[in-house]
Amino acid sequence: MADTALGKFGSGTAEAAVPARRERRDWFPFFLSLPALLIVFLVIGLPLVYSLVLSLHRINVLTQRWIYVGLQNYLQILPQADFLWALGRTATFAVVTVVAGLVLGMAMALVLNMSFPGRGILRSVVLIPWAMAPVTVGVLWGWIFDGTYGAMNGLLLDTGMIGKPIHWLADGTTAFYLVALVYVWNQAPLTALLILAGLQSLPENLHKAGRIDGAGAIRRFFSITLPWLRPMLLLILILTTINSIMAFDLFWTMTKGGPGSATTVFSWMGYSTAFLYLRFAEGAAILYVLTVLCLLLAWLYLTLFFPTVERQRAAAARVDLTPPDPLDVGPGVAARLGSPIGAVRTRLMSLPPFTRRSVLAPRMRRVLGRFGLAAAVAFIFVWSVAPFLWLVLMSLERSADLVRTPPTVIPGPLTFENYRFVLFPPGVSGGQSSVEATRVPFGVLNSFIVAVCVTAINLVLGSIAGYAYSRATRSRLMRGTLWALMLTRMTPSLALILPFFLVFKWLGLIDTRTGLVIAYCSLILPLAIWMMKGYFDGLPPNLEKAALVDGCTRLQAIRKIVLPVARPGLVAAGIFCFLVSWNEFIFALILTGTPSAQTIPVIISGFLAQLRFYDYGPMFAASVLAVIPPVVIALAFQGYLVRGMLSGSIKG
Amino acid sequence: MASVTLQQMSKQFGVVRAVNALDIAIADGEFLTLLGPSGCGKSTALACIAGLERPSAGAIVFGEKDVTELAPHERNIALVFQDFALYPHMSVRENISFGLRQQRLDGAVISKQVAAAADMLDLGALLDRRPSELSGGQRQRVAVGRAVVRNPAVLLMDEPLSNLDAGLRIKTRTEIKRLQRELGTTTVFVTHDQEEAMVLSDRVAVMRTGELQQVGPPMEVYRRPANLFVAGFIGSPAMNFFEVELGRRDGRVACTFGGQTVELPAEAASSLDGLNNGRAVLGVRPTDLLAGTSAPLRLHGEVFLVEPIGPVCYVDVDVDGHAVKGVCEPDHAPTPGDRIALSFAPGRAHLFEPATGRRL
Ligand SMILES: Nc1ncnc2c1ncn2[C@@H]1O[C@H](COP(=O)(O)OP(=O)(O)OP(=O)(O)O)[C@@H](O)[C@H]1O
Ligand SMILES: [Mg+2]
């Protein structure tokens, strides 16, 4: 009939007469991403290759000779019981922390998404544990659970619940799960933030429709909220899994892999093999296994996550090209011709009125609900703030009061002496000055310089590359390099340290701030590109097109229009870069050695290593100094963070 | 000012051929509308004219000059976007003057030019606001201001009215028409709203799946649609179509439809030769099918729906099992169940070849 033939007409035109113009390849996006790609290759690609080569050799520490041994290092470590145990512990740690973090994060996000007075404050406050550097977190909680002086023992003794102090961290299983608990405390806010961002994008009408259909709150959570969050949850699951596998700082500060080997996870094993026992090659092999595990997980993540994005995009791009068939007179209308009014309605059954069964009376439920919300809010507040306040309190006590026996939570007299110690070390006399305390100002300064440089470099490179990746989604080259970039984001940083250490030694970059800045780019650049790409994805491409029409070149359009418009995204990404750099521990620990480059987390860890009682006060003062900048930034820019994360992750 | 000629212009996106061998010559100062359903390639064609996309084949000529390989800013065009694409971090004044500042014009010239554009579009009071502080209609005016301020040779507009509410759309439509008359700028206007196209254009170009269907003045496209698609797409409510048997009867064309026959004058179809087994599609617009008048050609049927819309009243009639829409006087509206005759003038009948859809 006519409709089958309609597509044909007009196609007979003299198409062959016009020569096609040669397709020009558009290299512009590639050039934009090139600097970032080069740097990522230099700071991640090469080190990975280097450590692979390293793991295939045996190194004589004295003569520095490399002897090729093939897979022998792997063959040696793989069947070892220690290795398998560490593998098991890593897996357990990952499963426990991921599940607990997810449940807790989900609960916090759900509460934060409700409306109650003070919600804005609570939203900021939950970020405190996450903004604190893992080293400070470890110091704080390690002290709380200290077997002799700790606050937990103090509390239990003060209230008379126990007779003598418990040595929490002396028991293997307890220590392991305590580290897991602290890890969850530290990391759950990130999960909560991501889920909250997802919840805020949930169309409100979905829940209204559910309510009209008579679904209760729990039913709606499982049938509406969870399915909506599924892509987000998948992302969180994979990211937190990889983070948990890579967790190291807390083990360093709280347990050092002990007691015995009860908390020797993979990362600790690789670290101790390489840097405590100086068996570089074996350490490299262990860390390489870790890398491969992470990359496998990453691959899983990317194949699970990317295809759905592609499919969604394909579905969105598909437009129905067939116009309504002009010959279609509507069979529906024709069929209903002559049917009496109301005939359709009589075909629907009338249903009995619907009432939801409920054990409780409505008023009772409302009261209970309000009470439950208040309790949850109070719990979240105490959970997030109390440990932090305890840290502040300890920094205001005299060292002698911190090590009272039996322990108690009743504070002694408060003083700013500790801060004077760490901020103006030479001015304090009395024989109690310590070397470590004099280093604190340098540490803060180094941290600041490094973080600012890292932020500036990564923001510039990351935003330009992110823009290129956001706009050139059709080029296979760009898609491929983006994939590679995201894969490198999944490499455990531990695996990069060994090559950095050896290469920096050779280049003379050990113990320099420059070295740290270079090393941190490997952690941050892929993240910065990813976040900025997400932000640019949300900007209408017509903006740059308008600029092109208005006479800009493509570079001018980026400089004059795109970047100024993307300022909120730049701020969010900048905060991320700053926080990650400021809080980083293990790179700084290994790549620096003196106050000329040591950052504040390393200085704090130095206090721990000395273990002199009069240093405890200054250590907590230094810890407070270390957490103030990130906490202040996180609190001040909470709104930016939610937005930056939303765009950076949901859009894949 | 310039004429615009598209010569066999095509644009391919991977496997999708968004624009296929478009051949249109637009005269200097003309207002041409690209009209077609969503996804038919109008925006792509416009982006090629603007230089934002590079055609896969064919050429674009402004005046005498081949501009196919030139960048947008080398073409002296201006483009109004559907989402307006105002720079959110600039004030209205900065938005409008951005293009002029890009050309490094003298400050005095710029402010004079901006003042003239602002005056023309009644933007004077808004110059220091940010786009986020404007209403939809005001944003639209700023977008137009940004386009006309450079006095471009060719003005391109991509559905500039679709983000406005119905009332404002009609008002702005008139404004755009007035502005274009005053400026005399060659304009290519993209829309999927046929009413907009009819009102605004000197000529309408109807597109479908990347291909040009018909170009002509609005009333010609309306009166003599070149094929079934154009006939069905233009006009609201849509044209009634009947599959009919054709026969010759004393020099007239007899169309048999169900049990009823209407006889059209011979001129109704320029040629019936080569029609296989004498079948055709007869099209009559609802507005030409009048109930209760005595035009010469009639169809009989039973009314099943009456839709008064104010000035007229649509009646849906069951003609031998086919729903047919016609109009009647609201005061003499039939009631459902009545048998009535719908009559139409011979000149208002359109005949199409079923296989190709071409007008006969
Ligand atoms: N950058 C692109 N890459 C691939 N395909 C594209 C691209 N831009 C448009 N298309 C496809 O080309 C076809 C025509 O798109 P175009 O935007 O020109 O349609 P349109 O007529 O403007 O539609 P609308 O009225 O919805 O704006 C569509 O099928 C679209 O999916
Ligand atoms: Mg369009």
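Chain identifiers are assigned alphabetically (A, B, ...) following the order of the sequence lines, protein sequences preceding nucleic acid strands; residue numbering begins at 1 within each chain.
Atom CZ of Arg101(B) has more than 12 heavy atoms from other residues, nucleotides or ligands within 6.0 Å.
At least one donor-acceptor pair closer than 3.5 Å links the side chain of His89(B) to the backbone N or O of Lys560(A).
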Please tabulate, one pair per line, all N/O donor-acceptor pairs under 3.5 Å involving side-chain atoms of residues 46-55 of chain B, not counting sequence neighbours.
residue  : atom : partner  : partner atom : Å
Arg54(B) : NE   : Glu69(B) : OE1          : 3.2
Arg54(B) : NH1  : Arg22(A) : O            : 3.0
Arg54(B) : NH2  : Arg22(A) : O            : 3.0
Arg54(B) : NH2  : Glu69(B) : OE2          : 3.4

*What's the verdict on side chain to side chain contact (heavy atoms under 4.5 Å, CB included) for Arg146(B) and Val549(A), showing C-alpha distance, side-chain angles and the deciding distance?*
CA-CA 11 Å; Arg146(B) 185 172 73 180; Val549(A) 170; over 6 Å; no

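Of the two parts of Gln556(A), only the side chain, counted from C-beta on, holds a non-hydrogen atom closer than 4.5 Å to a non-hydrogen atom of chain B. In this structure, chain A has a heavy atom under 4.5 Å from the backbone of Leu86(B), while its side chain stays farther away.
Listed by first and then second residue, the ring-ring contact (aromatic ring centres under 6.0 Å, His included) pairs that reach into residues 463-482 of chain A are Tyr467(A)-Phe536(A), sequence neighbours excluded.
Between Phe98(B) and Cys552(A), some side-chain heavy-atom pair lies under the 4.5 Å cut-off.
For chain B, the option among Thr553(A), Leu548(A), Asp550(A), Leu543(A) with the highest count of heavy-atom pairs below 4.5 Å is Asp550(A).
Considering all non-hydrogen atoms of both residues, Ala546(A) and Ala85(B) come closest at CB-O, 4.0 Å.
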